[in-house]
Amino acid sequence: MSVEKAYNVAVVGATGAVGEKILSILQDKQFPIKSLKLLSSKRSAGKKIMFDNKEITVEEAAPGSFAGVDIAFFSAGGSITKQLSKAAVDAGAVVIDNTSAYRMDETVPLVVPEVNETDIKEHQGIIANPNCSTIQMVAALKPIQAAYGLNRVIVSTYQAVSGAGNAACDELQEQSQQYLNEEEMKAELLPVGGDKKHYPIAFNALPQIDVFGENGYTLEEMKMINETKKIMHAPELSVAATCVRLPFFTSHAESVYVEVEQEGLTVADFWKVLDGAEGVILEDDPSTQTYPTPMSAANKEEVFVGRVRKDLDNDKGFHLWVVSDNLVKGAALNTVQIAERLVRNNWL
Ligand SMILES: NC(=O)c1ccc[n+]([C@@H]2O[C@H](COP(=O)([O-])OP(=O)(O)OC[C@H]3O[C@@H](n4cnc5c(N)ncnc54)[C@H](OP(=O)(O)O)[C@@H]3O)[C@@H](O)[C@H]2O)c1
């Protein structure tokens, strides 16, 4: 980035799956950092992390941690955001939050820069990063909405275990080993750490991500529904979601059905708007078996779209396969991109 000024940055949850990615992306993109504070719980306080060839000692996050901080990235869970974000804002920082704590708060912009960059400037100290499965879907939907209008979205997800954090990845690894050794698999975390029952994820598929609400949808499904409408400024858009966890480590995949407003469109019309759309790469050629997969999308920045098909019965219906790295565009990269636009546009 070509910005002259440098900023005092803090990362809350720096030792977690998302926090580690935020650090590596800040470094890769050479975000202009004057000072960097790494914060975690008591467990990791004292740990040393290398950043830009310097060793930084992780500190326990506390309300007093934010003096002089300009930008605070939060990814330590919603309760920590609720506990500490006000102290960060009062100290003069802009908080970019990866948790769901404030996503649906009307005073907090919920941003995917390719879709609603200008919402950033409305911030009152906190900007929310959407849910990982929502980010990749709206990035693919935006060019379709802009060109052809959008009436309806029905999505089924195929989500990676890293979406549930580092401990869930360990659980998949251990259970896989146990299964191959013909031992009993120990399920202690997934689908949801705090819920009553746990099921093995290894060699399985769990149709529950986050807890159930009274309407029978999980919180993850409701996040996709509500966040999509907010980010796309489309309260009337009809959205339904089914979210499923699968036993691979990285990248979420989604089967997305859309109904557009315009009649008579073809697959080529979809290719035309998706190909070259900001942050989107079209990988779609059945003749060469070309389509994105969680493995091919891992560690990449873009949202990959393939398998575009016209519905066989509904002239306005189309099916897409959307894949992106949940820790990169789905979390850390989107967060850093928000910070880049914040400073580039002087919206701090
Ligand atoms: N994984 C994803 O794909 C993804 C995507 C988008 C958003 N998110 C959200 O981002 C947040 C973090 O997710 P994650 O996957 O990175 O989780 P994670 O791997 O479990 O990491 C959690 C981080 O939070 C820190 N933490 C825990 N309790 C804390 C406390 N009391 N005070 C300060 N720091 C504390 C941990 O520090 P210790 O090392 O000390 O335990 C660790 O750095 C969650 O809210 C999650 O929903 C995750």
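Keep in mind the model is a prediction, meaning the values are calculated, not measured. Counting starts at 1 for both ligands and their atoms, in listed order.
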Hey, which atoms in ligand 1 end up nearer than 4.0 Å to a heavy atom of [X]?
X      : value
Asn166 : 19 (O)
Gly13  : 23 (C), 24 (O), 25 (C), 43 (O)
Arg43  : 27 (C), 28 (N), 40 (O), 41 (O)
Asn326 : 3 (O)
Ala331 : 5 (C), 6 (C)

Closest non-hydrogen protein atom to [atom], residue and atom name please, with distance?
atom                    : answer
atom 26 (N) of ligand 1 : Ala76 CB, 3.8 Å
atom 29 (C) of ligand 1 : Ser41 CB, 3.4 Å
atom 45 (O) of ligand 1 : Gly77 CA, 3.2 Å
atom 31 (N) of ligand 1 : Ile80 CD1, 3.2 Å
atom 46 (C) of ligand 1 : Asn98 O, 4.8 Å

Discussion item. Does ligand 1 come near enough to Val18 that some N or O of the ligand is less than 3.5 Å from an N or O of the residue?
Written reply: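 Between Val18 and ligand 1 (N or O atoms, distance only) the closest approach is under 3.5 Å.
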
Worksheet item: For Gly16 and ligand 1, does the shortest N/O to N/O distance drop below 3.5 Å?
Response: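 By distance alone, the answer is yes.
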
Where is the tightest heavy-atom contact between [X] and [Y], given as atom of each residue plus distance?
X      : Y      : answer
Val305 : Ala140 : CG2-CB, 3.9 Å
Lys21  : Ala332 : CB-CB, 3.5 Å
Asn98  : Arg103 : O-NH2, 2.8 Å

Taking [X] for the side chain and [Y] for the main chain, is one N or O donor matched with an acceptor at less than 3.5 Å?
X      : Y      : answer
Glu117 : Arg341 : no
Ser162 : Phe249 : yes
Glu59  : Gly46  : no
Gln208 : Asp210 : yes
Gln136 : Val303 : no

Fill in: Worked check of side-chain hydrogen bond (donor to acceptor under 3.5 Å, both in side chains) between Asp119 and Asn116
CA-CA 6 Å; Asp119 287 357; Asn116 61 335; 2.9 Å; yes

Worksheet entry | Closer than 4.0 Å: a protein non-hydrogen atom to atom 11 (C) of ligand 1 |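 There is a protein heavy atom less than 4.0 Å from atom 11 (C) of ligand 1.
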
Worksheet item: Under the 4.0 Å line, does any protein heavy atom show up next to atom 19 (O) of ligand 1?
Response: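 It does; a protein heavy atom is within 4.0 Å.
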
Discussion item. Below 4.0 Å, non-hydrogen atoms only: which portion of Ser162 touches ligand 1? Side chain, backbone, both or neither.
Written reply: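 Under 4.0 Å from ligand 1, Ser162 contributes backbone atoms alone.
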
Practice prompt. Measure Leu327 to ligand 1 on non-hydrogen atoms and call it side chain, backbone, both or neither using the 4.0 Å cut-off.
Written response: side chain

Practice prompt. From the options Thr15, Thr81, Thr250, Asp97, select the one whose nearest heavy atom is closest to atom 37 (O) of ligand 1.
Written response: Thr15

Discussion item. I want to confirm something. Looking only at heavy atoms, which of Gly330, Ala164, Gly165, Gly19 is nearest to atom 17 (O) of ligand 1?
Written reply: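 It is Gly165 whose heavy atom sits nearest to atom 17 (O) of ligand 1.
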
Worksheet item: Is there a heavy atom in Val12 that sits closer than 4.0 Å to ligand 1?
Response: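 It does not, in that no heavy atom of Val12 comes within the 4.0 Å cut-off of ligand 1.
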
Worksheet item: Quick check, are the ring centers of Phe66 and Phe74 under 6.0 angstrom apart?
Response: yes

Fill in: CZ (Phe203) with more than 12 external heavy atoms under 6.0 Å
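Yes - once you tally the heavy atoms of other residues, nucleotides and ligands closer than 6.0 Å, there are more than 12.
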
Worksheet item: Relative to each other, are the rings of Tyr7 and Phe31 parallel, tilted or perpendicular (30° and 60° limits)?
Response: tilted

